[in-house]
Amino acid sequence: MKKIIVAILTMISVFQGFAQQKTFCNPVNIDYGYTPIPNFTKQGKHRATADPVIVNFQNKYFLFATNQWGYWWSDDMLHWNYIQRKFLKPENEYPSLNDGVKADHKLDEKNKVYDELCAPAVFVMKGYMYVIGSTHGPDFALWRSKDPLANEWEKAVDNFKVGAWDPGFLYDEEKDKLFLYWGSSNEFPLFGTEINTTTLQSEGFVKPMLTLKPEDHGWERFGEYNDNTFLQPFMEGAWMTKYKNKYYLQYAAPATEFSGYADGVYVSSNPLEGFAYQQHNPLSYKPGGFARGAGHGATYQDNFGNWWHVSTIILGQKNNFERRIGIWPAGFDKDDVMYCNTAYGDYPTFIPEYAKDKDFTQGLFAGWMLLNYNKPVQVSSTLGGYAPNFAVDEDMRTYWSAQTGEKGEWFQTDLGEISTINAIQINYADQDVEFMGKSSGVVHQYKIWASDDGKKWKLAVDKSKNRTDVPHDYVELAKPIKARYLKLENIKMPTGKFALSGFRVFGKGNGKKPEKVENFMVLRADKNKFGERRSSWIRWKQNNQAEGYVIYFGKSPDKLYGSIMVYGKSDYFFTGMDRTDTYYFQIEAFNANGISERTPVIKVD
């Protein structure tokens, strides 16, 4: 039956003109639930999740995240299928789906538990997949399943005794040992303990693993720009990966509300002691671009043996904890340095099947450029304060909203010239939505029209019969089309107004790519004198052909794994440096036509 369903979906995709996709685009397009927590909705109800985990089990990818009342699975890391499941106990103490449309919030407020599965831990051991959420006490069950596709679960342990918030497990198959790591605090360190593989409980021996050192590591400092000292930064989101007999303990800092939310890594030859800061940190870091933030994540292998890192994307428009999920190529280089590549990480990226033979250190960007950054737009109507250009400004926190969510509202973008279009991403925003918690049976339906002159239109994408909830829909066209104008016509919204945080068109323009950036320089305090060495001022000559720039940085000229995307500026204050280390930098410019040659590497002591 499953094969028949997949075949039918494939036929539908071919008919609609976006079959056999080779790429995905962050944020990940899943049916994110709406926040179930009333206090978080005072500025508007909205979708939210974070703290993702992906594990590869039986050659399928299983995705768990905060407060989704279930999980997703995928064969290809592109198409995700939701399975409803509740893991807290007792089941009547938290909101649930009612009639398949809205979450039920009629229960007694005193008995509600809104964090259904917060910051879940997932691991695989001896043919089972195990799941547990964050807890401060021994009141959570540890669940396991041999067939999560069939939603068949049993309690492996009725009361897991370790009160672990933001838990992360490692089953060391070679040693037949199980370890647990946890912590979420701006005061206490991350902790670790061994779990008995028979009783599935800790023997009580707990060790502190590591603490933040913001006085040395600029990226660990609190604040949107890593420059606030009024509050200690938070360490959280433990995850452990074993590679070539080394243990890579990953952690998130400085706080989930900020664009600089990142994951770092410590390395040891022992799972519970001796961890040293990896020189090439942060591991996953994405402070610029449309989708920002890459903290509190998990690292896993695909079906071809390549590594990926899934983590939290920051939105924070209606609430500090309004967030999404991103997936980035990752791995270990020839020197066993763990890395994660987020350059062009919110542009079309190859899925595992089409990335298996590529160099992950160079990223998996498909090469299709953004064609409509800050280009002219027209709309059917505008709700006051939500300007049309907010849908093309490459900031997910701003958005345009029509006055209604009714059929016939539309948004039109002008690419400026007839261009080759390979893919389109439709990022919906939450304006006047009605839902709380996980909803089902709701859909987005739309059509996209293409035109050379803005007068004669041809249907490019038809999702008027779509039966899925696609808040960050991504359509890779089966065959590229040429057009200057694209018009998105609303057919149906799940709830609320027709609103867009980003209508993003990818392909290639017909002009010239930018020339190499000139006068690139990095200003940092002298290491032999007093000064702020965790920060630097990066400057360059404004390139009139460029729409944006990507700055690459690292601590070795052949390991420039860090990157920062900058739009419409000719400088950047980089506050994420480690105080004592030498750095290396490069920069490149980009526009709708391509990417410039990179500048020579600059060494900064």
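Side chains included, hydrogens not; waters and symmetry mates left out as well; all remaining heavy atoms used.
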(request) State, without any angle test, whether Glu236 and Tyr261 hold a side-chain donor-acceptor pair at a distance under 3.5 Å. (result) yes
(request) Enumerate the residue pairs fulfilling salt bridge (Lys or Arg N to Asp or Glu O under 4.0 Å) with a member in residues 559-571, sequence neighbours excluded, ordered by first and then second residue. (result) Asp333-Lys559, Asp335-Lys559
(request) Tell me yes or no: between the side chains of Tyr171 and Thr197, is some donor less than 3.5 Å from an acceptor? (result) no
(message) Going by the rule salt bridge (Lys or Arg N to Asp or Glu O under 4.0 Å), which residues pair with Asp31 if we only count those two or more places apart in sequence or in a different chain?
(response) Lys438
(message) Hydrogens and angles aside, do Gln250 and Tyr181 bring a side-chain donor and acceptor to less than 3.5 Å of each other?
(response) no
(request) For Trp328 and Ser311, test the side chains for any donor-to-acceptor distance below 3.5 angstrom and give the result as yes or no. (result) yes
(message) Under a 3.5 Å threshold, yes or no: a donor from one side chain and an acceptor from the other, between Asn319 and His46?
(response) no
(request) Say whether Asn196 and Glu203, considering side chains only, have a donor N or O and an acceptor N or O under 3.5 Å apart. (result) yes
(message) Nearest 0.5 angstrom please: Asp395 CG to Phe390 CZ, how far?
(response) 9.0 Å
(message) My understanding is that only residues two or more places apart in sequence, or in another chain, count here; which of them pass side-chain contact (heavy atoms from CB on, under 4.5 Å) with Ala343?
(response) Asn341, Tyr552, Ser563
(request) Verify whether one side chain among Tyr399 and Asn427 offers a donor that lies under 3.5 Å from an acceptor in the other. (result) no
(request) Scan Phe275, Phe332, Trp239 and name whichever one has a ring pair (Phe, Tyr, Trp, His ring centres under 6.0 Å) with Tyr248. (result) Phe332
(request) With sequence neighbours left out, write down each residue that passes ring-ring contact (aromatic ring centres under 6.0 Å, His included) with Phe360, or none if nothing qualifies. (result) Trp308
(request) To the nearest 0.5 angstrom, please state how far the CD1 atom of Ile132 sits from the CG atom of Leu200. (result) 10.0 Å
(message) Tell me the closest heavy-atom pair linking Arg524 and Asp578, and the distance in Å.
(response) NH2-O, 3.0 Å
(message) Using the rule given for side-chain hydrogen bond (donor to acceptor under 3.5 Å, both in side chains), can you reason through Thr575 versus Asp227, listing the C-alpha separation, both sets of side-chain angles and the distance that settles it, and then say yes or no?
(response) CA-CA 7 Å; Thr575 53; Asp227 59 357; over 6 Å; no
(request) Scan for salt bridge (Lys or Arg N to Asp or Glu O under 4.0 Å) pairs involving residues 274-287, sequence neighbours excluded, and state none if there are none. (result) Lys286-Asp346
(request) Establish, from distance only, whether the side-chain atoms of Thr361 and Asp359 form a donor-acceptor pair under 3.5 Å. (result) yes
(request) Could you pull out all residues at least two apart from Glu394 that satisfy salt bridge (Lys or Arg N to Asp or Glu O under 4.0 Å)? (result) Arg504
